Amino acid sequence: MGIADCAFTGYRPHRFPWKNNEADSRCEALKEVLAEQISALAEAGITGYFNGVAEGVDCWAAEIVLSLREKNPALNLYCILPYEGQADQWTDSARERYRSILKQADSVTYVSREYYDGCLLDRNRRLVESAGLLLAVFDGIRRSGTGSTISYARKLGRKIIVIDPLTRSVAHEGSWT
């Protein structure tokens, strides 16, 4: 663990104004800012990326890491999943994306074999505990899993980068010296 590692957190598609329409210009612009941030981290020597592979931001971030890994094989994607059936209720295309990410990941671990109340929170905590930095897509307003993940990262003294999903502004928290 350390600053060589980054974890991700962010919203599911239903939390965005564009929902599942990734062709929406606002979604494309957000993914571009996310890619810029991940690229900058990789250039700064961060090689380990921890991801919960939920729909939305997690999948986008995982795909960006996998894309960057083509030019920088030192990058690693570690998937920490809440339970084995996480994608069972997703659409066919979302499940296909999920399986593709898992297939290319350097490791896949599960918090639990079966769903239980709190397994998503436990997954989020494990993500934060695994990395010295948290990269979040968060609007700062809504109570959510993303909000509680950021709060936990603050409690543990992690560095945090927050991208606002609508304005796409980027803020840094924690000691960056």
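Bear in mind the structure is a predicted one, so any value in this text is a computation, not a measurement. Scope of the values below: all heavy atoms of this structure, side chains included, with no hydrogens, waters or symmetry mates.
In this structure, Leu77 and Ala62 approach most closely via the heavy-atom pair CD2-CB, 3.9 Å. When all heavy atoms of Ala94 and Glu55 are compared, the closest pair comes out as CB-OE2, 3.3 Å. The shortest non-hydrogen separation linking Ile80 to Ser130 is CD1-OG, 3.7 Å. The two residues Ala131 and Ala7 come nearest to each other via the heavy atoms CB-N, 3.5 Å. Of all heavy-atom pairs spanning Asp139 and Tyr11, the tightest one is OD1-OH, 2.8 Å. Between Glu22 and Cys27, the closest heavy-atom pair is CA-SG, 3.6 Å.
For Arg99, there are no salt bridge (Lys or Arg N to Asp or Glu O under 4.0 Å) partners, not counting sequence neighbours. In terms of the side chain to side chain donor-acceptor pair (under 3.5 Å) criterion, residue partners of Ser100 (sequence neighbours excluded) are, by chain and number, Gln104. For the ring-ring contact (aromatic ring centres under 6.0 Å, His included) test, residues two or more places apart in sequence or in another chain that qualify with Tyr83 are Tyr115.
Side-chain atoms of Asn76 come within 3.5 Å of backbone N or O of Ala74 as a donor-acceptor pair.
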Test side chain to side chain contact (heavy atoms under 4.5 Å, CB included) on Ile161 and Leu41; report intermediate values, then the result. CA-CA 11 Å; Ile161 299 172; Leu41 294 173; 4.0 Å; yes
Walk me through whether Leu135 and Leu34 qualify under side chain to side chain contact (heavy atoms under 4.5 Å, CB included). CA-CA 9 Å; Leu135 178 53; Leu34 186 60; 3.9 Å; yes
Verdict with reasoning, Thr9 to Leu127, per side chain to side chain contact (heavy atoms under 4.5 Å, CB included): CA-CA 9 Å; Thr9 188; Leu127 288 165; over 6 Å; no
Report the C-alpha distance between Val137 and Trp60 in whole Å, list the side-chain angles of each, state the deciding distance to 0.1 Å, and finish with yes or no for side chain to side chain contact (heavy atoms under 4.5 Å, CB included). CA-CA 11 Å; Val137 174; Trp60 304 338; 5.9 Å; no
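Looking only at side-chain heavy atoms (C-beta outward), Asp24 and Pro17 stay at 4.5 Å or farther from each other. In this structure the side chain of Phe138 never reaches within 4.5 angstrom of the side chain of Ile160, judged on heavy atoms. For the pair Val57 and Thr146, the minimum side-chain heavy-atom distance is 4.5 Å or more. Val65 places none of its side-chain heavy atoms less than 4.5 Å from the side chain of Asn51. Counting heavy atoms from C-beta outward, Leu68 and Ile38 have side chains that approach closer than 4.5 Å. Side-chain contact between Ile64 and Tyr49 is absent, with no heavy-atom pair separated by less than 4.5 Å. When side chains are defined from C-beta on, Asn72 does not count as touching Thr47, because their heavy atoms never get closer than 4.5 Å. Side-chain contact between Val53 and Cys59: present, with at least one pair of heavy atoms (C-beta onward) separated by less than 4.5 Å.
Checking each of Arg69, Arg97, Lys31 against Glu63 for a salt bridge (charged side-chain N to carboxylate O under 4.0 Å, His left out) leaves exactly one that passes, namely Arg97.
Using a cut-off of 4.0 Å between Lys/Arg side-chain N and Asp/Glu carboxylate O, Arg95 and Asp92 are scored as salt-bridged.
Remark: the Glu129 side chain and the Tyr152 side chain contain an N/O donor-acceptor pair separated by less than 3.5 Å. Side-chain atoms of Tyr116 and Asp122 include a donor-acceptor pair closer than 3.5 Å.
Linking Ile, Leu, Val, Met, Phe, Trp and Tyr whenever their side-chain heavy atoms come within less than 4.5 Å puts Val33 and Trp18 in one cluster. Following chains of ILVMFWY side-chain contacts shorter than 4.5 Å, one can reach Val108 starting from Tyr98, so the two form part of one hydrophobic cluster.
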